[in-house]
Amino acid sequence: MRIPIITANWKMNKTISETEEFITSFLPMVEDASDVDIIIAPPFTSLSDAAGMLRDSNIYLAAQDVFYEDKGAFTGEVSPLMLKDIGCSHVIIGHSERRQFFGETDETVNKKITAAKRHDLEVILCIGESLSERKSGETFNVLERQLSEGLKGIDISSITIAYEPVWAIGTGKTATPEQANDAHRFIRQCIRNIYGDNASMQTRILYGGSVTPENISGLMKMPEIDGALVGGASLRPEGFAGIVRYNRIRP
Ligand code: PEP
């Protein structure tokens with residue numbers, strides 16, 4: 001059985017005091033949520049404080065990105081060694097905003113995943129098509145390329161895939177549960193082709209793109225959807241707790 005994962009990606013939001021305020025309110029809201037893995041990815045500047053507050057809780061800490069070298073002359077970058085040192089268990093790699101604004105490629109994604117795994121960080125690998133790629137019927141080709149190039153030479157254990165159609169991120173346009181499920185089924189088939197049956201059955205595939213407390217239960221009813229990566233709706237404790245507790249608010 002695949003345990004669901006609900007992940008908050010705060011992007012470039014929240015100061016240290018805002019992070020502390022969020023965690024203080026959020027922890028009691030989800031302390032009895034034992035049937036789901038909860039992950040929060042604050043900005044780098046809040047990781048240390050968040051790590052202190054989340055220690056001994058049921059919530060994992062993730063970074064939103066990582067560099068692929070352990071140390072050296074790479075101004076502005078943060079290494080997997082540093083993330084591990086600060087208390088992260090997970091890292092998001094290949095988010096579409098990194099690909100779109102910061103020159104992330106399948107090749108750098110591949111190097112980052114290799115480096116993260118070297119330091120036992122669990123990886124959430126983001127893949128997804130743009131609107132024009134979807135319109136031109138390229139969705140499955142894009143997903144297959146991002147997956148096979150991003151994971152080239154890498155064992156898939158401790159990797160979660162996040163399917164995030166770029167046209168649904170931060171736009172309020174969610175993929176329908178059926179659209180998301182189709183993409184997830186295709187992704188699972190690609191994983192089966194590369195890694196075999198067991199790995200494909202065990203790998204968790206999250207959906208991301210305008211997930212809210214209102215649409216989460218419809219998405220989570222789909223057999224191929226194992227959780228969510230949530231941006232905007234994860235910024236308020238009540239909203240994110242509503243998503244984490246989706247099975248209790250199911251209509
Ligand atoms: C994201 O940042 O990964 C994301 C899915 O954002 P949003 O939920 O705001 O669409």
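Counting starts at 1 for both ligands and their atoms, in listed order.
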Numbered in order shown, the ligand 1 atoms found under 4.0 Å of a heavy atom of Ile169 are 4 (C), 6 (O), 10 (O)
Here the atoms of ligand 1 under 4.0 Å from any heavy atom belonging to Gly170 are 7 (P), 9 (O), 10 (O)
Please work out whether the ring planes of Phe22 and Phe240 are parallel, tilted or perpendicular, with thresholds of 30° and 60°. tilted
Flag the pair Asp37 and Arg2 as a salt bridge only when some basic side-chain nitrogen lies within less than 4.0 angstrom of an acidic carboxylate oxygen. no
Mode of Ala168 contact toward ligand 1 - side chain, backbone, both, neither (heavy atoms, under 4.0 Å): backbone
With heavy-atom distances below 4.5 Å as the criterion, would you say the side chains of Ile92 and Leu229 are in contact? yes
Exercise: do Ser96 and Gln100 side chains pair donor with acceptor under 3.5 Å: no
Could you tell me whether ligand 1 has any atom less than 4.0 Å away from a heavy atom of Ala233? no
Steps toward salt bridge (charged side-chain N to carboxylate O under 4.0 Å, His left out) verdict (Asp65, Lys112): CA-CA 9 Å; Asp65 188 27; Lys112 289 179 177 187; 3.0 Å; yes
Ligand 1 versus Asn9, non-hydrogen atoms closer than 4.0 Å: side chain, backbone, both, neither? side chain
Within the 3.5 Å criterion, strictly below it, is a donor on Asn215 or Thr174 matched to an acceptor on the partner's side chain? yes
Surrounding OH of Tyr60 (heavy atoms of other residues, nucleotides or ligands, distance under 6.0 Å), is the total greater than 12? no
Among non-hydrogen protein atoms, atom 2 (O) of ligand 1 lies closest to Lys11 CE, 2.6 Å
Can you find an N/O atom of Val230 closer than 3.5 Å to an N/O atom of ligand 1? no
For the residue pair His184 / Asp226, report whether a side-chain donor-acceptor contact shorter than 3.5 Å exists. no
For Gly208, counting its heavy atoms only, list the atoms of ligand 1 lying under 4.0 Å from any of them. 5 (C)
Identify the closest protein heavy atom to atom 8 (O) of ligand 1: which residue and atom is it, and at what distance? Gly231 N, 2.8 Å
Find out if a path of hydrophobic residues (ILVMFWY) with successive side-chain heavy-atom gaps under 4.5 Å connects Ile156 to Ile5. no
Can you name the atoms of ligand 1, numbered from 1 with element, that are less than 4.0 Å from a heavy atom of Gly209? 5 (C), 10 (O)
Identify the closest protein heavy atom to atom 5 (C) of ligand 1: which residue and atom is it, and at what distance? Glu164 OE2, 3.1 Å
If you scan protein heavy atoms around atom 9 (O) of ligand 1, the nearest is Gly232 N, 2.8 Å
Please say whether Thr171 places an N or O atom under 3.5 Å from an N or O atom belonging to ligand 1. no
If you scan protein heavy atoms around atom 1 (C) of ligand 1, the nearest is His95 NE2, 3.3 Å
